[in-house]
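Reminder, nothing fancy here: chain letters follow the sequence lines and each chain counts from 1.
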2 protein chains.
Amino acid sequence: MKIAQVSEQFGISPDTLRYYERIGLIAPVNRNDSGIRDYNEGDLRRVEFIKCMRSAGLPIEVLIEYVNFVQQGDQTIDARREILRQQRHLLAARIMEMQKTLDVLDHKIEVYEKAVLKRERELMHIEDQGE
Amino acid sequence: MKIAQVSEQFGISPDTLRYYERIGLIAPVNRNDSGIRDYNEGDLRRVEFIKCMRSAGLPIEVLIEYVNFVQQGDQTIDARREILRQQRHLLAARIMEMQKTLDVLDHKIEVYEKAVLKRERELMHIEDQGE
DNA sequence: GTATCATCTGGAGTTTACTCCAAGTCAAGG
DNA sequence: CCTTGACTTGGAGTAAACTCCAGATGATAC
């Protein structure tokens, strides 16, 4: 699969895909005879994983460390699991914080809606008086 | 309340607090005779609100627009509510995306834990044979 | 009264994560 | 054969949000 299609499929620009490869976030992708990237299934799975993690805000640096460990084989399983655990922890905390903010927003929106209703009632009142 | 205490209370550096004021994210804070900031209750509430919104990732630009509307008084209530609604929508979407990633992480961690158990069982097996 | 400390300002520097660009190569269509 | 278009590279540029700094000032501790 060529880079344009991968870009399409995951909503990541070709520039970003090449950038990820350059910095070692995605292992080097196979090329065809003329040096053009041809993503295989493994590449696609890796891209999808990175897309998922990045969309939740996991830092590139941490992900590079993780994929480096993956490439070093089974003796790094403990280290990898620790990275994932730590990131899971941070992510859960961020979700909770965002949920709090969501509640605050909901409350504020509600207040604004009441304010609008109140103003509308007042306007009607003025019209009533006007009639 | 002086800037160092505010910084302490909200976990925002003095530099950031001054920066927020400079860019109009927080209204100018009152100063004492020697020109030093003295945050009053209103200031503190505004700082807390900004802290909350920023911690959930709402862009500074949007928040500046919002606080500008607040300063323009009641005729901007509709606009303000619309900003909050839109940001609420975006935030909810981000939370859902992060929740998905959290699930993926949990699954991967579980797999790693099984892998470790498997390896441990194998090691024990080898020891059994060794005995 | 002087040394230290917190604060002030405007401006420059940093970090993270892309994003864009120029110049070059290759394959296919007319 | 020539043009068009997708792809390549290395490197430069950008955006957002801080973060740091130098130089000045004013207050506080001894």
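Salt-bridge formation is not detected for the pair A:K100/A:D103: no Lys NZ or Arg NE/NH1/NH2 atom is positioned less than 4.0 Å from an Asp or Glu carboxylate oxygen. Of the charged side-chain nitrogens involved, at least one lies within less than 4.0 Å of a carboxylate oxygen, so that B:R85 and A:E113 count as a salt-bridged pair.
The CZ atom of A:R80 sits 11.0 Å away from the CG atom of A:N68 when rounded to the nearest 0.5 Å. In this structure, the separation between CG on A:L44 and CD on A:Q5 is 9.5 Å, given to the nearest 0.5 Å.
By the criterion of side-chain heavy atoms lying less than 4.5 angstrom apart, applied directly or through intervening Ile, Leu, Val, Met, Phe, Trp or Tyr residues, A:V104 is grouped together with B:L84 in one hydrophobic cluster. B:L105 and B:V111 sit in two unconnected hydrophobic clusters of ILVMFWY residues. Membership requires side-chain heavy atoms under 4.5 Å apart, directly or through other members. Cluster annotation: B:Y19 and B:L63 are assigned to the same hydrophobic cluster (Ile/Leu/Val/Met/Phe/Trp/Tyr, side-chain heavy-atom contacts under 4.5 Å, transitive).
The shortest non-hydrogen separation linking A:R94 to A:A56 is NH1-O, 2.9 Å.
Using cut-offs of 30° and 60° on the angle between ring planes, the pair A:Y66 and A:F49 is tilted.
Taking 4.0 Å as the cutoff to heavy atoms of chain A, we find the contact window on DNA chain D bounded by D:dC7 to D:dG11.
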Yes or no on salt bridge (charged side-chain N to carboxylate O under 4.0 Å, His left out) for B:R45 and B:E41, after CA distance, side-chain angles and deciding distance?
CA-CA 6 Å; B:R45 263 188 293 106; B:E41 273 177 46; 5.9 Å; no
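Taking every heavy atom of residues 33-42 of chain B and every atom of DNA chain C, pairs under 4.0 Å involve B:G35, B:I36, B:R37, by number.
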Each nucleotide of nucleotides 10-23 of chain C classed B (base within 4.0 Å of a protein heavy atom), S (only sugar-phosphate) or -, in 5' to 3' order, makes BB-----BBBBB--
